[in-house]
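Written below as structure tokens is the structure these notes are about.
A, B, ... follow the sequence lines: proteins, then strands. Residue 1 opens every chain.
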Amino acid sequence: MTDTRFDPSTADGRWQRAWDEARCFEADSNSARPKSYVLEMFPYPSGRIHIGHVRNYTMGDVLARYKKMRGFEVLHPMGWDAFGMPAENAAMEKGVHPGGWTRENIANMKAQLKRIGFALDWSREIATCEPDYYGHEQALFLDLYEAGLVYRRQSEVNWDPVDMTVLANEQVIDGKGWRSGADVEKRKLDQWFLRITQFADDLLEGLGTLEKWPDKVRLMQENWIGKSQGLEFSFTLSNGESLPVYTTRPDTIFGATFVAVAADHPVARSLDNEAARAFIALCKKGGTTAAELETAEKLGFDTGLTARHPFTGAPLPVYIANFVLMDYGTGAIMAVPGHDQRDFEFATKYGLPIPRVVAADPADANKPFGTEAEAGDGVLVNSDFLDGMAVEAAKREVIARAEAEGWGKGTTVWRLRDWGVSRQRYWGTPIPFIHCAACGVVPVPKDQLPVVLPEDVDFKTPGNPLLRHSTWKHTTCPKCGAAAERETDTLDTFVDSSWYFLRFASQPADRPFDPEEVAKWLPVEQYIGGIEHAILHLLYARFWTRALQHIGQIDFAEPFASLFTQGMVTHATLELEYEDPLTGEKTGKTSYLLPEEVEWQGDKAFWRDAKNNLKPVKVGRVIKMSKSKKNVVDPDTIIARYGADAVRWFMLSDSPPERDLPWSEAGIEGCWRFVQRLWRLFGQYDGAAEGEDKALLRKLHQTVAAVAEDIEALSFNKAVARLYELASAIDKAALSATRAHAIRTMAQLVSPMMPHLAEEGWVAMGGEGLVAMAAWPAVDPALLVEDEVTIAVQHKGKLRDTLTVAKGLPQAELEALALASANVQRSLDGAPVRKVIVVPDRLVNIVT
RNA sequence: GCGGGUGUGGCGGAAUGGUAGACGCCGGGGACUUAAAAUCCCCUGAGCUUUGCUCGUGCGGGUUCGAGUCCCGCCACCCGCACCA
């Protein structure tokens with residue numbers, strides 16, 4: 001066999017073509033094998049595959065290839081989350097068409113993915129921006145409309161008054177539009193909503209069945225749904241009107257010292273008062289995000305109205321407050337400054353009283369507050385009939401009294417809000433409705449779908465091109481035939497990603513999916529993606545699946561049986577300080593460098609200038625790779641240099657997959673060396689060698705079992721460590737039939753991770769067919785157990801000695817051996833033994 | 001601000017409440033070579049009075065024969081917050 005180096009530049013492409021020709025990775029839904037659906041979150045086609053994608057898809061690929069070797073019929077598809085803002089930004093900045101830009105990006109990224117050797121079923125590829133995808137989405141949207149799950153109402157958006165356009169939250173920077181720099185305003189528009197709140201309880205309950213989801217994601221979703229029990233009641237205002245409020249802390253009702261309403265609350269808007277209008281206008285400034293609202297300084301406006309306290313009859317001042325949300329509860333609150341931080345800050349600012357009604361101990365009833373509210377548990381004080389009660393009992397008591405006296409009732413309130421899906425943008429799925437002056441809002445008949453986006457649009461003027469288009473929106477009413485206008489809002493791209501996993505299972509031309517095929521493949525056995533999707537995407541996909549179940553199109557509620565959230569790929573930032581070209585002095589200005597532009601000497605980085613001088617480079621913090629910081633590596637560059645397998649191996653090594661992975665030149669070099677080391681090992685395969693090596697055989701079987709276990713647990717870093725150990729054991733072993741067998745088995749074991757090298761070695765060692773199609777090696781359980789164990793001997797909890805003994809040695813013998821140890825005797829130094837703890841096959845701890 | 005997570009040698013990390021630091025990287029020493037690259041072997045948490053002892057898993061407490069692991073209180077960093085995907 002050859003002793004030259006493994007050459008990925010020729011081998012990678014050769015095997016990628018071989019897999020394509022054998023159509024290895026096309027899923028056959030008629031197969032009798034057990035099925036396994038492995039899915040990674042599909043990418044946005046930004047133009048280039050990011051190293052984070054490589055990590056994500058390598059993990060899924062290892063699992064998919066492994067499952068195939070274990071005899072499963074594997075569905076491992078790939079597609080493109082192809083609608084969204086970046087395409088429109090590119091159109092505005094570079095004058096390209098969003099569709100052309102997106103499709104070109106898809107072609108580039110697909111070629112990149114192919115070069116990494118992923119075992120993907122490209123015959124099922126989808127792009128959400130094509131009418132043969134989004135047309136079916138429009139049909140599903142109409143189905144949900146018929147089921148009463150779609151409605152329209154007014155909702156706030158970020159409005160840029162200079163660009164005359166709606167801004168996304170990320171386009172609002174410090175309350176100003178990112179392009180215009182103008183102060184952003186909140187503006188109300190008629191928008192489309194999905195009734196996700198109808199499934200709130202169900203989505204919450206369903207979390208309990210998702211045993212293979214990370215606890216943290218389930219907890220985040222639970223908190224997001226935010227089920228709370230509270231009291232809804234109405235204050236009578238001094239003008240005679242009634243003001244409904246909702247509180248989750250009815251127990252603290254005697255601590256209420258004021259009432260606050262949202263800026264867009266009817267009570268606020270009805271004030272005939274210049275100062276009030278000015279204050280409401282002030283509240284309209286700034287963005288719409290929760291983070292912004294909650295960190296902004298608490299501001300209020302005294303309406304002059306008072307509200308009558310339901311128990312004491314005291315008049316409480318009514319404020320308009322910028323921290324009260326119209327979307328949650330009733331848009332009005334009873335404020336209890338002692339026991340709510342926001343109310344506390346507000347009361348402090350406006351000099352309102354802060355009484356204590358909950359104390360850790362009844363004796364602390366008049367203990368003053370520090371600089372913060374106390375939201376914790378305790379006993380009610382200063383609260384009339386509630387005094388002495390625990391918080392929970394007091395909540396029940398107040399609700400019971402309110403209900404008995406008829407002025408309020410116990411209510412369940414959800415933090416979860418309905419899903420606003422309207423986007424005032426071009427590059428998205430057109431919402432299939434028509435506005436008719438006579439008939440109102442009319443759905444587009446299904447036989448007229450898809451409503452296709454016009455291609456002839458321009459982005460020279462700001463705003464939605466669909467609104468400006470000369471013909472597109474003009475149509476006729478499907479009901480009365482009169483002239484009418486199309487809806488110009490498009491759907492949130494989260495809608496596109498809420499059902500793509502169904503379309504992968506089957507792609508009929510006349511329907512969104514074939515229910516029988518979906519039943520065969522779904523739910524997804526393993527879903528892999530970033531933690532940043534823990535709430536929105538995953539909750540919306542769960543909702544959409546439930547909605548389809550609700551209308552009888554599918555018969556399961558949860559799309560993803562098992563979820564894994566992987567960490568990011570990170571790298572230090574590299575900064576070079578400019579020097580004045582004439583004087584050579586530092587200018588204080590710096591620029592970021594790409595990792596490939598620096599040279600390392602130990603942990604110091606340098607940049608080589610045009611005159612071949614080395615300039616020191618400042619190595620910054622290790623952070624998520626981002627284009628703006630230039631701390632990125634391009635998958636194509638490193639694959640060209642090291643081959644796909646070394647890159648794949650790096651993605652799996654060292655860092656646990658759920659944690660961040662710091663990219664390093666030294667690390668990828670190490671992976672490259674291991675690729676070559678395995679290649680040399682394959683070269684040592686000798687099919688004619690004789691003799692058994694029991695120790696190596698044991699190590700081999702232990703490794704096969706452990707690697708299988710690690711891959712199934714997605715603990716790739718541990719599997720990698722095991723394979724390093726096995727490689728070292730084989731290296732050290734003398735020539736034998738066992739050694740040859742182990743070398744050949746190694747090709748199978750690394751095949752999910754380094755498939756090109758594995759194929760090349762497999763064929764060189766006379767393996768039949770493709771190793772990608774070979775079976776996973778069998779394990780002999782008898783070879784997994786060791787017959788000797790090492791026992792730790794401790795005295796005073798510290799290690800004093802170790803003993804190597806036969807497995808299963810009785811406790812009394814272990815104890816005797818431990819006490820006989822010279823190290824133990826020296827440590828004991830004659831002290832009397834009080835107690836000996838023996839854990840069989842593990843340790844002996846002597847207590848004195 | 002609210003919700004969630006993470007923290008172990010110079011670095012990435014391993015460790016069913018039971019020998020902390022597996023495995024890899026970096027570094028040091030050696031072999032091979034005219035030389036280099038490549039490769040192979042050995043060493044590599046800190047300190048000390050070095051057959052061994054002490055300290056050591058972000059910080060401060062606690063439970064336990066025994067704590068990286070369990071409990072309480074902090075600190076730092078990361079993710080999400082509903083129109084980025």
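Considering CG of A/N631 and NZ of A/K627, their distance stands at 13.0 Å, rounded to 0.5 Å.
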Identify all side-chain donor-acceptor contacts of residues 165-175 of chain A below 3.5 Å with residues at least two apart in sequence or on another chain.
from: A/N169; atom 1: OD1; to: A/N158; atom 2: ND2; distance (Å): 3.0
from: A/N169; atom 1: OD1; to: A/T288; atom 2: OG1; distance (Å): 3.3
from: A/Q171; atom 1: OE1; to: A/A168; atom 2: N; distance (Å): 2.8

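Applying the side-chain hydrogen bond (donor to acceptor under 3.5 Å, both in side chains) test to residues at least two apart or on different chains, the pairs with a partner in residues 833-848 of chain A are A/H795-A/T848. Counting only residues at least two apart or in different chains, side-chain hydrogen bond (donor to acceptor under 3.5 Å, both in side chains) contacts with residues 661-670 of chain A comprise A/Y642-A/E669.
Residue A/D654 contributes atom CG, which lies 16 Å from atom P of B/rG9 at whole-angstrom precision. Rounded to whole Å, atom P of B/rA37 lies 18 Å from atom CH2 of A/W672. If you take CZ of A/R722 and P of B/rC23, they are 11 Å apart, rounded to a whole angstrom. Atom CG in A/L539 sits about 14 Å away from atom C1' in B/rG3, given to the nearest Å. At whole-Å resolution of the value, CG in A/L538 and P in B/rG3 are 21 Å apart. Rounded to an integer number of Å, the gap from A/E658 CD to B/rG13 C1' is 11 Å. Protein atom CG of A/L325 is 12 Å distant from nucleotide atom C1' of B/rC2, rounded to whole Å. When the C1' atom of B/rC23 is taken as reference, atom CH2 of A/W649 falls 10 Å away, rounded to whole Å.
Under the 30°/60° scheme for interplanar angles, the aromatic rings of A/W499 and A/Y133 are found to lie parallel. Taking the six-membered ring for Trp and thresholds of 30 and 60 degrees, A/Y500 and A/Y527 have ring planes inclined between 30 and 60 degrees apart. Classified by interplanar angle (parallel below 30°, tilted 30° to 60°, perpendicular above 60°), the ring pair A/Y540/A/W419 is parallel.
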Chi angles and distances behind the side-chain contact (heavy atoms from CB on, under 4.5 Å) call for A/N89, A/W178: CA-CA 12 Å; A/N89 292 336; A/W178 68 335; 3.5 Å; yes
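Backbone-only contact: A/R673 has heavy atoms under 4.0 Å from sugar-phosphate atoms and none from a base. Within the 4.0 angstrom heavy-atom criterion, base atoms lie near A/T790. Within 4.0 Å of A/R834, counting heavy atoms only, lies no atom of the nucleic acid at all. Within the 4.0 angstrom heavy-atom criterion, only backbone atoms of the sugar-phosphate kind lie near A/N717; the bases stay farther away.
Taking the P atom of each, B/rU57 and B/rG62 are spaced 15 Å apart, rounded to whole Å. Nucleotides B/rG60 and B/rC41 have their C1' atoms positioned 46 Å apart, rounded to a whole Å. When the C1' atom is used for both B/rG5 and B/rU49, the distance is 46 Å, rounded to whole Å. Nucleotides B/rG10 and B/rG18 are separated by 30 Å at their C1' atoms, to the nearest Å. Distance noted for atom P between B/rU8 and B/rU33: 45 Å (whole Å). A distance of about 9 Å separates the C1' atoms of B/rG9 and B/rA46, rounded to the whole Å. Rounded to a whole angstrom, the distance from the P atom of B/rU69 to that of B/rC78 is 24 Å. Nucleotides B/rC55 and B/rG1 are separated by 42 Å at their C1' atoms, to the nearest Å.
Using a 4.0 Å cut-off between charged side-chain N and carboxylate O, A/R179 and A/D163 make no salt bridge.
Under the 90° criterion around 0 for the glycosidic angle, B/rG29 counts as anti.
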Where each pair must be Watson-Crick or G-U wobble with both distances under 3.5 Å, what dot-bracket representation of RNA chain B is obtained, with crossing pairs in [ ] and other-strand partners as |? (((((((..(((.....[....))).(((((.......))))).((((...))))..(((((..]....))))))))))))....
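Under 4.0 angstrom from either OP1 or OP2 of B/rU39 there lies no side-chain N or O belonging to A/R5.
Here the side chain of A/S821 pairs no donor or acceptor atom with the backbone of A/L817 at under 3.5 angstrom.
Nearest heavy-atom pair, A/A727 versus A/R677, reported as atom, atom and distance to 0.1 Å: C-NH2, 3.7 Å.
At a cut-off of 3.5 angstrom, the base of B/rG3 holds no donor-acceptor pair with the side chain of A/N223. For a distance-only test at 3.5 Å, the side chain of A/R842 qualifies as a donor-acceptor partner of the base of B/rU16.
By the side-chain hydrogen bond (donor to acceptor under 3.5 Å, both in side chains) test, A/T573 pairs with no residue at all, sequence neighbours left out. By the salt bridge (charged side-chain N to carboxylate O under 4.0 Å, His left out) test, A/K188 is found to be paired with A/D264, residues two or more places apart in sequence or in another chain being considered. A/E294 meets the salt bridge (charged side-chain N to carboxylate O under 4.0 Å, His left out) test with no other residue; sequence neighbours excluded. With sequence neighbours left out, the side-chain hydrogen bond (donor to acceptor under 3.5 Å, both in side chains) criterion links A/W224 to no other residue. With sequence neighbours left out, A/L219 forms a side chain to side chain contact (heavy atoms under 4.5 Å, CB included) with A/E222, A/N223.
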Each nucleotide in nucleotides 71-85 of chain B should get exactly one letter: B, S or -. Can you fill that in based on protein heavy atoms under 4.0 Å? ------SSSSBBBBB
Using a 4.0 Å heavy-atom cut-off to protein, can you give one letter per nucleotide of nucleotides 49-54 of chain B, 5' to 3': B if the base is in contact, S if only the sugar-phosphate is, - if neither? ---SSS
Show each protein N/O and nucleotides 62-69 of chain B N/O combination with a separation under 3.5 Å, one pair to a line.
from: B/rC65; atom 1: O2; to: A/N845; atom 2: ND2; distance (Å): 2.6

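Side-chain atoms of A/P656 lie closest to B/rG13 of the nucleotides B/rC23, B/rG13, B/rG3.
The residue among A/D731 and A/S664 whose nearest nucleotide of RNA chain B is located toward the 5' end is A/S664. Each of A/T295 and A/Y724 has a nearest nucleotide on RNA chain B; the 5'-most of these lies closest to A/T295.
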